Amino acid sequence: MKVLLVFAHPEPRSLNGALRDVAIRELEAEGHEVRVSDLYADGWKSEVDRADFPSWPPEARFLPAGASKKAFASDTLTDDVKAEIDKLLWADTLILQFPLWWYAMPAILKGWVDRVYAYGFAYGVGEHSDNRWGDRFGEGTLAGKRAMLIVTTGGWEEHYSARGVNGPIDDLLFPINHGILYYPGYDVLPPFVVYRVDRFGEADFEPVAERLRERMRTLETIRPIPYRQQNGGDYLIPSMQLRPGLENPGATAFALHEDRAGTAGQPDQDSRAMMVRSASPKRRTSSIVL
């Protein structure tokens, strides 16, 4: 299997850096081919602007989506963006790894998505009609491939539970899992989330590393999150509303878009997040950086 790991952390000696190395070593030990896009080390340009589209007329009003569509169709995207698109087409599995900052991915990673997910490549694909609304949410350019997140956060697991003050981790990651990964077709695997990382001691690392090794060993076989396919009949087109009566018992909001009843044996919401309990809150160390 070919794996692309997109890494978004400014410090290579961080906990994230150590976990990245664990994941790569285990994947390679399993015989997989791994490529890494290290966004900070590569000096990735995160903002979308006119410089991304050299063929866009300088006198014309700048329309990012229109410029992206034209550049992709004419093969005039910038070389850095083309290289990342080639990696996505090459890879069977995509891993996005990042620390959760202010309830979201770091800006540099969002900028990678903004620039690499070109119109005609990751969106704006397929027929739009009364029967279909494009090839997206389960279909699209990247359909048949797998994707997952490796996420670290300083908060406690309890803080990200159903009643936790931060909100459920599945809800916080839904815009990424469903809106960024599932949208262009990926089968999205449960995220690997590590909590309380700002309180990690050296002794806390190995249990988490072993859990990550096990996840890498099962990367090809673990069941994806059972998101509903947009054009599979569950949604009314063109309103894109879930058909009445299809919701799982008690499901609301983001959970409406999972067909848990139709996928016997799927892990439940609590186990699906692959939550990793970490160190005691009293233990601190300055040797590991989130």
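Nothing here was measured: the structure is a model prediction, and the numbers come from that model.
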Has the side chain of S46 got a donor or acceptor atom that lies under 3.5 Å from a matching backbone atom of A107? no

Step through the shown structure and confirm whether more than 12 heavy atoms of other residues, nucleotides or ligands are within 6.0 Å of CG on D86. yes

Between Q229 and N231 (side chain of the first, backbone of the second, donor and acceptor by atom type, cut-off under 3.5 Å), is there such a pair? no

Would you call R228-E247 a salt bridge at under 4.0 Å N-O? no

Is there a donor-acceptor pair under 3.5 Å between the side chain of T218 and the backbone N or O of T221? no

Main-chain N/O of I237 paired to D130 side chain as donor or acceptor, under 3.5 Å: no

Under 4.0 Å between a side-chain nitrogen and a carboxylate oxygen: does that hold for R217 and E30? no

So, are E139 and R132 salt-bridged, with charged N and O less than 4.0 Å apart? yes

Step-by-step side chain to side chain donor-acceptor pair (under 3.5 Å) determination, S129 to E127: CA-CA 6 Å; S129 67; E127 168 193 345; 2.6 Å; yes

Give a yes or no answer on whether the side chain of N248 reaches the backbone of E258 with a donor-acceptor pair at less than 3.5 Å. yes

Assess whether atom NZ of K45 is packed by more than 12 heavy atoms of other residues, nucleotides or ligands within 6.0 Å. yes

Examine distances only and state if a side-chain atom of K82 and a backbone atom of D75 form a donor-acceptor pair shorter than 3.5 Å. yes

Is there a donor-acceptor pair closer than 3.5 Å between any side-chain N or O of W56 and the backbone N or O of A51? no

Ignoring hydrogens and angles, tell me if any N or O in the side chain of D52 forms a donor-acceptor pair with the backbone of D49 under 3.5 Å. yes

Examine L89 and L96 and state if one hydrophobic cluster contains both, with Ile, Leu, Val, Met, Phe, Trp and Tyr joined whenever side-chain heavy atoms are less than 4.5 Å apart. yes

Distance under 6.0 Å and angle within 45° of ring axis: R20 vs F7: yes

Salt bridge check: are D204 and R196 linked by an N-O gap of less than 4.0 Å? no

